[in-house]
Amino acid sequence: MILIKHHQDINGLYNISSNPISKFDLLKIFNDKFKLNVIIEENSSIYSNKNLISDLFYTKIGIKQPDWIDLIRSEEHTSELQSRLHLVCR
C-alpha cells in the first residue's frame, strides 16, 4: 500500500524480481533456511534462462533491488508469524 500511495504516477505492467539466480541455487537456499533436509541434485544438461528484468521498476520507484537472501529471510519471518497466529486462533 505504501508503494501505491507514494507512486501514484506509475501504471502499466512491470516485472518485479530480485537478482538473477538459478533454480538450483534458489532451492538450495530454501532447503537450508527452512531446514527441509531435501536432497537436491543439479542437472547441468538442461539450460534455460527465464530471468525477469526489473530494472525499469526499481529505477522508477527509486529503491534498491532486494537480494534473494533478504527476501527469503523476510519470508521466514512472515512464515513464523503466521504459525504463531495460527496457534493463537485455534
Side-chain angles (χ1 to χ4, degrees):
M1 295 307 255
I2 292 172
L3 178 66
I4 294 169
K5 182 179 178 183
H6 294 290
H7 299 281
Q8 294 180 8
D9 59 322
I10 293 180
N11 57 52
L13 183 63
Y14 292 87
N15 287 324
I16 301 175
S17 63
S18 187
N19 298 320
I21 188 170
S22 72
K23 196 179 291 187
F24 176 72
D25 289 335
L26 185 58
L27 288 172
K28 285 191 324 185
I29 292 170
F30 269 102
N31 194 30
D32 292 342
K33 272 292 188 195
F34 291 98
K35 297 174 180 47
L36 300 174
N37 299 319
V38 175
I39 297 171
I40 302 170
E41 296 179 5
E42 185 173 18
N43 182 348
S44 58
S45 67
I46 299 172
Y47 178 78
S48 177
N49 182 348
K50 296 180 181 143
N51 290 330
L52 294 174
I53 300 172
S54 53
D55 297 343
L56 179 62
F57 175 76
Y58 289 107
T59 299
K60 280 204 173 228
I61 64 170
I63 64 170
K64 181 181 173 259
Q65 192 174 25
D67 183 73
W68 278 106
I69 298 294
D70 294 335
L71 290 171
I72 292 169
R73 189 176 296 126
S74 173
E75 179 59 32
E76 184 179 33
H77 179 71
T78 301
S79 178
E80 181 181 321
L81 290 175
Q82 288 173 339
S83 293
R84 288 181 183 174
L85 181 61
H86 181 71
L87 289 174
V88 171
C89 292
R90 281 188 164 176

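We number each residue from 1, following the sequence as shown. This structure is a prediction, so every number in the text was calculated from the model and none was measured.
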Taking the side chain as everything from C-beta on, heavy atoms only, tell me whether Leu26 gets closer than 4.5 Å to Ile72. yes

OH of Tyr14 to CG of Asp55, rounded to nearest 0.5 Å, is 13.0 Å

Using residues 60-70 as the side-chain source, report each donor-acceptor pair under 3.5 Å to any protein atom, sequence neighbours left out, with the distance given to one decimal.
unit_1	atom_1	unit_2	atom_2	d
Gln65	NE2	Ser17	O	3.3
Gln65	NE2	Ser18	O	3.3
Gln65	NE2	Ser54	OG	3.0
Asp67	OD2	Ile69	N	3.0
Trp68	NE1	Asn19	O	2.6
Asp70	OD1	Arg73	NH1	3.1

According to salt bridge (Lys or Arg N to Asp or Glu O under 4.0 Å), does anything in residues 20-32 pair up with another residue at least two apart or in another chain? List the pairs. Asp25-Lys28

Just how far is it from atom OH of Tyr58 to atom CG of Asn15, taken to the nearest 0.5 Å? 10.0 Å

For residues 33-46, which side-chain N or O atoms pair as donor and acceptor with protein atoms under 3.5 Å away, sequence neighbours left out?
unit_1	atom_1	unit_2	atom_2	d
Asn43	OD1	Ser45	N	3.0
Asn43	OD1	Ser45	OG	2.5

So, using side-chain contact (heavy atoms from CB on, under 4.5 Å) as the criterion, who are the partners of Asn49 when residues are at least two apart? Tyr47, Asn51

Can you tell if the side chain of Gln8 reaches within under 4.5 Å of the side chain of Ile10, non-hydrogen atoms only? no

